[in-house]
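Sequence lines set the chain letters: A, B, ... in the order given, protein chains first and strands last, and positions in each chain run from 1.
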There are 2 protein chains.
Amino acid sequence: MIMAYKKCNEFNDNAKRLAEYARALSHPARITILNILAERNTCICGQIVDVLPLAQSTVSQHLGELKKCGLIMGEIDGPRSCYCINRKNFEEMIYLMNEFTGGIRGR
Amino acid sequence: MIMAYKKCNEFNDNAKRLAEYARALSHPARITILNILAERNTCICGQIVDVLPLAQSTVSQHLGELKKCGLIMGEIDGPRSCYCINRKNFEEMIYLMNEFTGGIRGR
DNA sequence: CATATTTATCGCATATATGCGATAAATCAA
DNA sequence: TTGATTTATCGCATATATGCGATAAATATG
């Protein structure tokens, strides 16, 4: 029998976008990566690997997730990959989150 | 070979707690449920089922997730289950989120 | 040119999430 | 008491997430 595994799409746009950002923050490694990037402004993958208790391949995957949802940007720098926070999208996330929490607080 | 699938625990407490809340918000259905609960103040499961494009059992599961992480509370009312937002924990989530975003914005 | 460094990706294993129908348990109404 | 209503949970299927080692590709260094 055919089942629908993507009911997500039937929801409100803001709810969907906020859910995507929330998913990106739903692992402590990714929150920590964002904190590290904020602290150092810009980082190569290896620097993050050095700090996290995770294998290089796993860290690379988490970086990929953050990049996919737009919270960070990556730039190739020789054999290295240089990452930084995507401020514009980060602000969008904050906006959506504030809109959401404000709408609940206000009642 | 034995592998560790719970590296999560090796991270900072605030990052872990924020990640848990973020995971709760990582599905648009759960965001929508929280919006509905804010609007009506209190709701029984069936009222939420009526509004969402999901089966009763699925909605019940989402409610269970929200309850598990503490964002809502449930109270049995006859054959019904009455849910409302757990303001205290919701504020904790906002606090952790603000602390996180503030620490990144501030650089 | 040969070798080292760096990182993304593949392949694999396991765990968790999403979704539904069926059903049991609890309660309410007749 | 019988039947209807309501909801949590079980069982199932599929999808996605988490984690690692190995490796290929790109570049830097000798």
Side-chain angles (χ1 to χ4, degrees), chain A residues 1-11 15-16 19-33 37 42-69 72-84, chain B residues 1-11 15-16 19-33 37 42-69 72-84:
Chain A
M1 188 215 177
I2 301 154
M3 281 209 241
Y5 288 103
K6 273 298 186 184
K7 293 275 181 148
C8 278
N9 296 312
E10 301 178 31
F11 290 89
K16 281 197 287 181
E20 280 174 21
Y21 283 131
R23 213 202 56 74
L25 301 185
S26 73
H27 195 292
R30 292 192 287 267
I31 290 176
T32 306
I33 287 171
L37 285 179
T42 178
C43 257
I44 64 166
C45 177
Q47 292 177 296
I48 297 167
V49 173
D50 288 342
V51 176
L52 298 188
L54 295 169
Q56 181 272 325
S57 58
T58 306
V59 171
S60 189
Q61 255 182 333
H62 283 304
L63 286 166
E65 300 272 359
L66 288 169
K67 194 175 167 187
K68 182 159 65 86
C69 91
I72 67 174
M73 300 183 289
E75 194 183 334
I76 292 161
D77 169 30
R80 286 173 273 277
S81 272
C82 200
Y83 290 98
C84 66
Chain B
M1 187 215 178
I2 302 155
M3 281 209 239
Y5 288 102
K6 273 296 187 184
K7 293 278 181 149
C8 278
N9 295 312
E10 302 179 31
F11 290 90
K16 282 196 288 183
E20 280 174 20
Y21 283 130
R23 212 201 58 74
L25 302 184
S26 73
H27 195 292
R30 291 192 288 266
I31 289 176
T32 306
I33 287 172
L37 285 179
T42 177
C43 256
I44 64 166
C45 177
Q47 291 177 296
I48 298 169
V49 173
D50 288 342
V51 176
L52 298 190
L54 295 169
Q56 181 271 324
S57 58
T58 305
V59 172
S60 189
Q61 256 182 332
H62 283 304
L63 286 166
E65 301 271 2
L66 288 168
K67 194 174 167 188
K68 184 158 65 86
C69 91
I72 67 173
M73 298 183 289
E75 193 182 338
I76 293 161
D77 169 30
R80 286 174 272 277
S81 273
C82 200
Y83 290 98
C84 67

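In this structure Thr32(A) satisfies the side-chain contact (heavy atoms from CB on, under 4.5 Å) test together with Ile36(A), Leu52(A), Phe11(B), Ala15(B), sequence neighbours excluded. Taking Glu20(B) as the reference, Arg17(B) meet the side chain to side chain donor-acceptor pair (under 3.5 Å) condition, with sequence neighbours excluded. For Arg23(B), the salt bridge (charged side-chain N to carboxylate O under 4.0 Å, His left out) test picks out Glu65(B), with sequence neighbours left out. Under the side-chain contact (heavy atoms from CB on, under 4.5 Å) criterion, Gln56(A) pairs with Cys45(A), Val49(A), Ser60(A), not counting sequence neighbours. Residues satisfying the side-chain contact (heavy atoms from CB on, under 4.5 Å) criterion with Glu75(B), sequence neighbours excluded, are absent altogether. By the side-chain contact (heavy atoms from CB on, under 4.5 Å) test, Asn9(B) is found to be paired with Lys6(B), Lys16(B), residues two or more places apart in sequence or in another chain being considered.
Looking at Arg30(A), its side chain never comes within 3.5 Å of a backbone N or O of His62(A) through a donor-acceptor pair. Gln47(B) contributes a side-chain N or O that, together with a main-chain N or O of Ile44(B), makes up a donor-acceptor pair within less than 3.5 Å.
When rounded to the nearest whole Å, the span between CD of Gln61(A) and C1' of dT14(C) equals 14 Å. To the nearest angstrom, P of dT7(C) lies 13 Å from CD1 of Ile72(A). If you measure from atom CG of Asn9(B) to atom P of dT16(C), you get 11 Å, rounded to the nearest angstrom. What separates CD of Glu75(B) from P of dA8(D) is a distance of 13 Å, to the nearest Å. Rounded to an integer number of Å, the gap from CD of Glu65(B) to P of dT7(D) is 19 Å. Nucleotide dA17(C) holds its C1' atom 10 Å from the NZ atom of Lys68(B), rounded to whole Å. A straight line from CG of Leu63(A) to C1' of dA17(D) spans 16 Å, rounded to a whole angstrom. Between the P atom of dG19(D) and the CD atom of Glu10(B) lies a distance of 9 Å, rounded to the nearest Å.
Pairs of residues two or more places apart, or lying in two chains, never qualify as salt bridge (charged side-chain N to carboxylate O under 4.0 Å, His left out) while including a residue from residues 44-55 of chain A.
Contact check of residues 20-28 of chain B against DNA chain C (heavy atom, cut-off under 4.0 Å) returns Arg23(B), His27(B). Listed by residue number, Leu54(A), Ala55(A), Ser57(A), Thr58(A) are the residues of residues 42-58 of chain A with a heavy-atom contact under 4.0 Å to DNA chain D.
Note on Lys7(B): a side-chain N or O is less than 4.0 Å away from OP1 or OP2 of dC20(D). In this structure, Tyr83(B) does not reach the dT6(D) phosphate: none of its side-chain N or O atoms is under 4.0 Å from OP1 or OP2.
Among the protein residues, Ser81(A) comes within range of the sugar-phosphate backbone only, with heavy atoms under 4.0 Å from sugar or phosphate atoms but none that close to a base.
Asp77(A) and Cys82(A) get closest at one heavy-atom pair: CB-CB, 4.5 Å.
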Quick one: which protein N/O atoms are closer than 3.5 Å to N/O atoms of nucleotides 26-30 of chain C? Pair and distance per line, please.
none

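Residues Tyr83(B) and Thr42(B) are not in side-chain contact: their nearest non-hydrogen atoms beyond the backbone lie 4.5 Å or more apart.
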